[in-house]
Enquirer: 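Questions regarding the structure given below will be posed in turn.
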Amino acid sequence: MTYRTTPDHVPASATPEGDGILVGQGPVRIDAFIDFLCPFCKRFELSADSVLAELVRDSTASLAYHPMNFLDEASTTNYSTRAAAASGCAADQGRFLDYAHALFVAQPPEGGSGLSDTDLIELGRETGLDDTFAACVSAGTYLDWPTYVTARATAAGVNGTPTVLVAGVPVTADARAITAAVSRAGRADQT
């Protein structure tokens with residue numbers, strides 16, 4: 001399948017398809033489709049991030065985050081696209097999870113301008129990112145990437161955020177449901 005919105009650049013640690021950031025090497029893949037302006041995604045991140053990190057750390061699962069731009073129209077500055085692009089810059093330095101968490105903690109309300117690029121860069125500095133990250137955000141290196149991510153997700157049937165798949169099967173965006181699904185998928189892989 002071809003997409004009209006193939007990005008010029010794809011962040012480091014991207015999925016083989018280039019439509020997300022892959023963290024960890026566990027045998028069961030968790031796909032999380034998120035939007036950095038989505039309040040339900042923030043709730044998901046703040047409630048499940050430690051469980052997801054543990055599954056990755058224990059090599060039980062790999063985690064693919066797909067930063068989408070569903071809510072661009074809910075800001076006056078295409079904040080979802082800009083935040084997702086900045087997360088790609090963080091991925092280049094191996095800090096995607098830290099930066100994504102910081103974006104959710106600092107999430108602006110819908111309907112406004114969102115964080116400025118200067119704010120996105122400062123948030124990166126606070127999470128340990130350097131001048132290379134700042135230059136990547138300032139240059140807009142990944143501004144076309146979120147549209148590609150969103151187009152692929154929409155074509156695959158994702159119509160809201162957060163959407164979570166475990167081994168390709170939709171599950172509730174909840175730490176317990178994800179853990180149980182990973183356990184089931186892991187057992188199925190062993191048989």
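Remember, predicted model here, so these are calculated numbers, not experimental data.
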Enquirer: Is the shortest side-chain heavy-atom distance between Pro146 and Ser80 below 4.5 Å?
Expert: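 No. Closest side-chain heavy atoms not under 4.5 Å.
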
Enquirer: Under a 3.5 Å distance rule, please check whether His9 uses its side chain to pair with a backbone N or O of Tyr142 as donor and acceptor.
Expert: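 Side chain of His9 to backbone of Tyr142, a donor-acceptor pair under 3.5 Å: no, none is there.
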
Enquirer: Does any donor atom in the side chain of Thr77 or Arg82 lie under 3.5 Å from an acceptor atom in the other side chain?
Expert: yes

Enquirer: Is it the case that the side chains of Asn69 and Thr150 hold a donor-acceptor pair, with the cut-off being a distance below 3.5 Å and no angle test?
Expert: yes

Enquirer: Can a donor-acceptor pair be found, under 3.5 Å and without considering hydrogens, that links the side chain of Trp145 to the backbone of Gly18?
Expert: yes

Enquirer: For a quick test of reading the model, state the closest non-hydrogen atom pair linking Val56 to Gly24 and the distance between them.
Expert: CG1-CA, 3.6 Å

Enquirer: Of the non-hydrogen atoms in Ala175 and Ser47, which two are nearest, and what is the gap between them?
Expert: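 Residues Ala175 and Ser47, closest heavy atoms: CB-O, 4.3 Å.
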
Enquirer: Output the distance between atom CG (Leu63) and atom CG (Leu52), rounded to the nearest 0.5 Å.
Expert: 5.5 Å

Enquirer: Kindly assign one of parallel, tilted or perpendicular to the pair Phe133 and Tyr99, based on the angle between their ring planes and the thresholds 30° and 60°.
Expert: perpendicular

Enquirer: Does one hydrophobic cluster hold both Leu143 and Ile121, with members joined at side-chain heavy-atom distances below 4.5 Å?
Expert: no

Enquirer: Let me confirm one number: the OG1-CZ distance from Thr163 to Phe70, rounded to the nearest 0.5 Å.
Expert: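 Spacing of OG1 (Thr163) from CZ (Phe70) equals 7.0 Å.
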
Enquirer: Might you point out which heavy atoms bring Ser59 and Pro27 nearest each other, and give the distance in Å?
Expert: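 Minimum heavy-atom contact is O-CD, 3.3 Å.
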
Enquirer: State whether the number of non-hydrogen atoms from other residues, nucleotides or ligands found under 6.0 Å of Asp58 atom CG is greater than 12.
Expert: yes

Enquirer: When you compare the side chains of Thr147 and Asp144, does any donor N or O come within less than 3.5 Å of an acceptor on the partner?
Expert: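 Their side chains do not contain a donor-acceptor pair, so the 3.5 Å distance test is not met.
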
Enquirer: Distance check, rounded to the nearest 0.5 Å: Lys42 atom NZ versus Leu37 atom CG?
Expert: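 Between atom NZ of Lys42 and atom CG of Leu37 there are 11.0 Å.
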
Enquirer: Should Ile178 and Val164 count as side-chain neighbours, where that means a heavy-atom distance under 4.5 Å?
Expert: yes

Enquirer: What closest approach, in Å, do Thr161 and Phe40 show between heavy atoms, and which atom pair accounts for it?
Expert: O-CB, 4.4 Å

Enquirer: Would you say Glu45 and Phe36 make side-chain contact, with heavy atoms under 4.5 Å?
Expert: no

Enquirer: Kindly indicate, with the supporting measurements, whether the criterion side-chain contact (heavy atoms from CB on, under 4.5 Å) is fulfilled by Val158 and Met68.
Expert: CA-CA 10 Å; Val158 174; Met68 300 174 66; 4.2 Å; yes

Enquirer: To the nearest 0.5 Å, what is the distance between CZ (Phe44) and CD1 (Ile34)?
Expert: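 If I round to the nearest 0.5 Å, the distance is 8.5 Å.
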
Enquirer: Quick check for you: to the nearest 0.5 Å, what is the distance between Asp35 atom CG and Gln107 atom CD?
Expert: 8.5 Å

Enquirer: Judged by atom type as modelled, is there a donor-acceptor pair below 3.5 Å linking the side chain of Ser183 to the main-chain atoms of Ala180?
Expert: no

Enquirer: Is there side-chain contact between Thr76 and Ser113, with at least one heavy-atom pair below 4.5 Å?
Expert: yes

Enquirer: Going through the checks in order, is the side-chain contact (heavy atoms from CB on, under 4.5 Å) test met by Leu46 and Val105?
Expert: CA-CA 8 Å; Leu46 298 182; Val105 168; 3.9 Å; yes

Enquirer: Do Val169 and Arg184 have side chains that get closer than 4.5 Å, going by heavy atoms?
Expert: no

Enquirer: Can a donor-acceptor pair be found, under 3.5 Å and without considering hydrogens, that links the side chain of Asp72 to the backbone of Thr81?
Expert: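 Checking the backbone N and O of Thr81 against the side chain of Asp72, a donor-acceptor pair under 3.5 Å is found.
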
Enquirer: When rounded to the nearest 0.5 angstrom, what distance separates CG in Leu165 from CD1 in Ile30?
Expert: 10.5 Å

Enquirer: Should Asp19 and Tyr148 count as side-chain neighbours, where that means a heavy-atom distance under 4.5 Å?
Expert: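 They are in contact (side-chain heavy atoms under 4.5 Å apart), so the answer is yes.
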
Enquirer: In the structure I gave you, are the side-chain heavy atoms of Leu129 and Leu123 within less than 4.5 Å of one another anywhere?
Expert: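 Sidechains of Leu123 and Leu129: no contact.
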
Enquirer: Hydrophobic clustering (ILVMFWY, side-chain heavy atoms < 4.5 Å, transitive) - are Val166 and Leu22 grouped together?
Expert: no

Enquirer: So, Asp92 side chain and Ala12 main chain: donor-acceptor pair closer than 3.5 Å or not?
Expert: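 Checked: pair present.
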
Enquirer: Does some side-chain heavy atom of Arg29 sit less than 4.5 Å from a side-chain heavy atom of Ser62?
Expert: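 A side-chain contact under 4.5 Å exists here.
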
Enquirer: Between Pro162 and Cys41, what is the shortest heavy-atom contact and its length?
Expert: N-SG, 3.5 Å

Enquirer: Is Asp131 salt-bridged to Arg125, cutoff N-O under 4.0 Å?
Expert: yes

